[in-house]
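Some notes on the structure that comes next.
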There are 2 protein chains.
Amino acid sequence: MPKDRAPTRIQQKNRATILDAALDVFSAQGFRGATVDEIAATAGLSKPNLLYYFPSKEAMHEALLERLLDTWLDPLRAMDGDGEPLEEIMGYVRRKLQMSRDFPRESRLFANEVLQGAPRIHDALSVDLKTLVDSKCAVLETWMASGAIARVHPHHLIFSIWSLTQHYADFDVQVRAVLGPEDPFDGAMAFLDTLYRRMLRP
Amino acid sequence: MPKDRAPTRIQQKNRATILDAALDVFSAQGFRGATVDEIAATAGLSKPNLLYYFPSKEAMHEALLERLLDTWLDPLRAMDGDGEPLEEIMGYVRRKLQMSRDFPRESRLFANEVLQGAPRIHDALSVDLKTLVDSKCAVLETWMASGAIARVHPHHLIFSIWSLTQHYADFDVQVRAVLGPEDPFDGAMAFLDTLYRRMLRP
DNA sequence: CGTTGCTTTGACCGGTTGGTCAAATCATTG
DNA sequence: CAATGATTTGACCAACCGGTCAAAGCAACG
């Protein structure tokens with residue numbers, strides 16, 4: 001293990017390589033299904049070398065989840081209470097769908113974790129996530145009270161955005177098996193646009 | 001292994017016990033994360049006894065998926081082209097949400113499998129599932145052509161029903177962490193009712 | 001009751017897993 | 001170049017994994 005100094009270029013590069021490979025494997029196999037050997041092979045490094053940069057398999061997983069939770073909620077944070085209500089919501093939907101298209105591995109890592117009971121992030125969900133969601137639901141409620149958008153249960157509105165957008169990353173195989181060669185994301189964005197505009201039209 | 005006769009009462013009971021325990025473990029840990037020992041402990045039987053009734057861990061998983069695929073699509077099959085269009089769709093949504101409430105383990109088993117690339121059911125998805133979905137999409141299109149419901153991309157309409165309903169089983173932990181003590185399913189049904197009626201109103 | 005065949009399990013096996021360690025190699029700096 | 005510390009790895013280990021097997025237990029029936 002290196003001493004407690006500023007990380008060298010080699011350290012930065014190798015840590016990044018390892019986390020990228022770990023994301024590949026964890027998102028495809030789940031935590032217990034992933035093996036350090038497979039991560040090492042994907043990263044093009046030896047197994048002991050991985051464990052030189054991270055103290056354990058668990059630590060790699062933690063590092064990924066920590067980094068993920070920060071960025072995963074940015075699109076929701078960016079929903080601005082002072083903006084045009086319907087366009088703010090549509091912007092959130094669009095950003096979230098783009099994340100499913102551009103970062104499907106992150107989406108599946110998260111899905112795997114929650115599917116299996118969120119043992120490692122349960123606190124973050126019921127504190128940080130809940131706090132953020134509750135505050136955005138308050139915003140949604142003022143928009144509904146002002147008549148800018150139609151009335152619906154605000155929490156379930158947010159759940160619907162998560163579910164509809166992440167579905168295209170998490171269930172990608174199924175979506176493509178049913179759709180055939182057609183690209184899912186173009187049709188999805190058009191569909192979601194219609195859905196939310198019709199549902200929320202005052 | 002028993003000979004090729006009608007299964008005894010003991011066989012029926014033990015097979016059922018094993019599959020129930022296997023569903024518990026596979027749905028919570030994924031295929032690779034599940035261990036035969038844990039399934040055996042959950043079932044209250046010894047490991048060699050499980051492997052007396054099923055030739056392998058893989059066989060238990062297959063038996064579950066086979067049974068699941070048959071029943072999982074029943075709600076969609078039941079959508080009747082001759083019925084009242086909007087009520088047929090709402091009935092499908094209601095049945096699917098009830099399945100998430102009553103059979104969350106089955107939903108999570110399916111989600112785990114698809115998340116990890118559907119290695120064991122890919123053919124079933126791109127043949128049986130696709131055939132069924134395509135035929136139901138044709139029905140939806142006649143309803144849209146007749147003006148009974150508004151025009152939307154029929155495949156994405158079905159994806160939306162899958163995603164919105166299964167979300168409450170697959171992401172149950174997250175939903176409850178955010179919602180608190182409130183029961184998710186009552187609010188969900190009301191929300192989905194509003195969503196689809198507004199989106200599909202001609 | 002005795003025999004037959006279904007059921008159950010303790011002990012075991014080869015392969016894999018996460019993780020360790022000492023030794024070798026490499027980069028950096030004086 | 002010499003020396004110091006960062007980096008890399010082959011060999012190894014104990015624990016665990018899926019699966020086997022022979023022997024024991026048990027129920028059913030003549």
Side-chain angles (χ1 to χ4, degrees), chain A residues 1-65 112-113 116 119-120, chain B residues 1-65 112-113 116 119-120:
Chain A
M1 246 179 297
K3 295 202 174 155
D4 232 341
R5 299 192 190 159
T8 67
R9 269 169 245 95
I10 294 179
Q11 280 173 38
Q12 288 182 2
K13 195 194 59 160
N14 280 352
R15 273 186 218 270
T17 303
I18 292 168
L19 285 182
D20 189 73
L23 180 55
D24 252 41
V25 177
F26 282 134
S27 68
Q29 313 276 7
F31 178 76
R32 290 183 57 169
T35 71
V36 178
D37 281 290
E38 196 179 343
I39 297 173
T42 305
L45 299 171
S46 68
K47 179 168 66 165
N49 206 0
L50 295 216
L51 294 161
Y52 169 73
Y53 286 104
F54 293 89
S56 67
K57 172 185 171 183
E58 180 94 32
M60 300 175 208
H61 196 247
E62 260 175 40
L64 283 173
L65 282 181
N112 260 307
E113 177 67 11
Q116 304 184 1
R120 300 155 219 281
Chain B
M1 246 180 294
K3 292 201 175 154
D4 233 340
R5 297 192 190 160
T8 66
R9 270 168 245 97
I10 293 179
Q11 282 174 35
Q12 288 183 3
K13 195 193 60 157
N14 280 351
R15 273 187 217 270
T17 304
I18 292 167
L19 284 183
D20 190 72
L23 179 55
D24 252 40
V25 177
F26 282 134
S27 68
Q29 312 277 7
F31 179 75
R32 288 182 59 168
T35 70
V36 178
D37 281 291
E38 196 179 342
I39 298 173
T42 305
L45 299 171
S46 68
K47 179 169 66 166
N49 207 1
L50 295 217
L51 294 161
Y52 169 73
Y53 286 104
F54 292 90
S56 67
K57 173 185 170 183
E58 180 95 32
M60 300 175 208
H61 196 247
E62 260 174 41
L64 284 173
L65 282 181
N112 260 306
E113 177 67 12
Q116 303 184 3
R120 299 155 221 280

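Below, chains carry the letters A, B, ... as their sequence lines are ordered, and counting in each starts from 1. Owing to the predicted nature of the structure, the values given are computational and were not obtained by experimental measurement.
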Quiz item: Lys47(A) side-chain donor-acceptor pair to dG18(C) base, under 3.5 Å:
yes
For the side chain of Tyr53(B), counting heavy atoms from C-beta on, which of dT8(C), dT8(D), dG18(C) is nearest?
dT8(C)
Side chain of Lys57(A), heavy atoms from C-beta onward: which of dT8(D), dC17(D), dG19(C) has the nearest atom to it?
dG19(C)
Between P of dT17(C) and NE2 of His61(A), the distance in whole Å:
17 Å
Does Leu19(B) have any side chain to side chain contact (heavy atoms under 4.5 Å, CB included) partners at least two apart in sequence or in another chain, and if so, which?
Phe54(B), Ala63(B), Leu64(B), Arg67(B)
Identify all side-chain donor-acceptor contacts of residues 40-51 of chain B below 3.5 Å with residues at least two apart in sequence or on another chain.
residue, atom, partner, partner atom, Å
Thr42(B), OG1, Glu38(B), O, 2.8
Ser46(B), OG, Asn49(B), N, 3.4

Under 3.5 Å, is there a donor-acceptor pair between the side chain of Arg120(A) and the main chain of Glu62(A)?
no
Separation of dG18(D) C1' from Arg32(B) CZ (nearest whole Å):
13 Å
Nearest to side-chain heavy atoms of Pro48(A), which nucleotide of dG10(D), dG19(D), dT9(C):
dG10(D)
Compare side-chain N and O positions of Gln11(B) against OP1 and OP2 of dT7(C) and report whether any pair is under 4.0 Å apart.
yes
From the list dG18(C), dG19(D), dC6(C), which nucleotide is the closest neighbour of the side chain of Leu51(B)?
dG19(D)
Distance from His61(A) atom NE2 to Asn112(A) atom CG, nearest 0.5 Å?
7.5 Å
Using atom CG of Asp37(B) as one end and atom P of dC17(D) as the other, report the distance to the nearest whole Å.
6 Å
I need the OH-P distance between Tyr52(B) and dT7(C), as an integer number of Å.
4 Å
Whole angstroms only, please: what is the CZ-P distance between Phe54(A) and dG18(C)?
16 Å
Quick one: does NZ or CZ of Lys57(B) land under 6.0 Å from the six-membered ring centre of Phe26(B), within 45 degrees of the ring axis?
no
Distance in angstrom units between Met60(A) CE and dG19(C) C1', rounded
10 Å
Please state whether the phosphate of dT8(C), meaning OP1 or OP2, lies under 4.0 angstrom from any side-chain nitrogen or oxygen of Asn14(B).
yes
At 4.0 Å (heavy atoms only), tell me whether Ala34(A) reaches a base, stays on the sugar-phosphate, or touches nothing.
sugar-phosphate
Side chain of Thr35(B) - closest among dG18(C), dT7(C), dC17(D)
dC17(D)
Take atom CD of Glu38(B) and atom P of dC16(D), then tell me their distance rounded to the nearest Å.
13 Å
May I have the distance from Glu58(A) (atom CD) to dG18(C) (atom P), rounded to whole angstrom?
12 Å
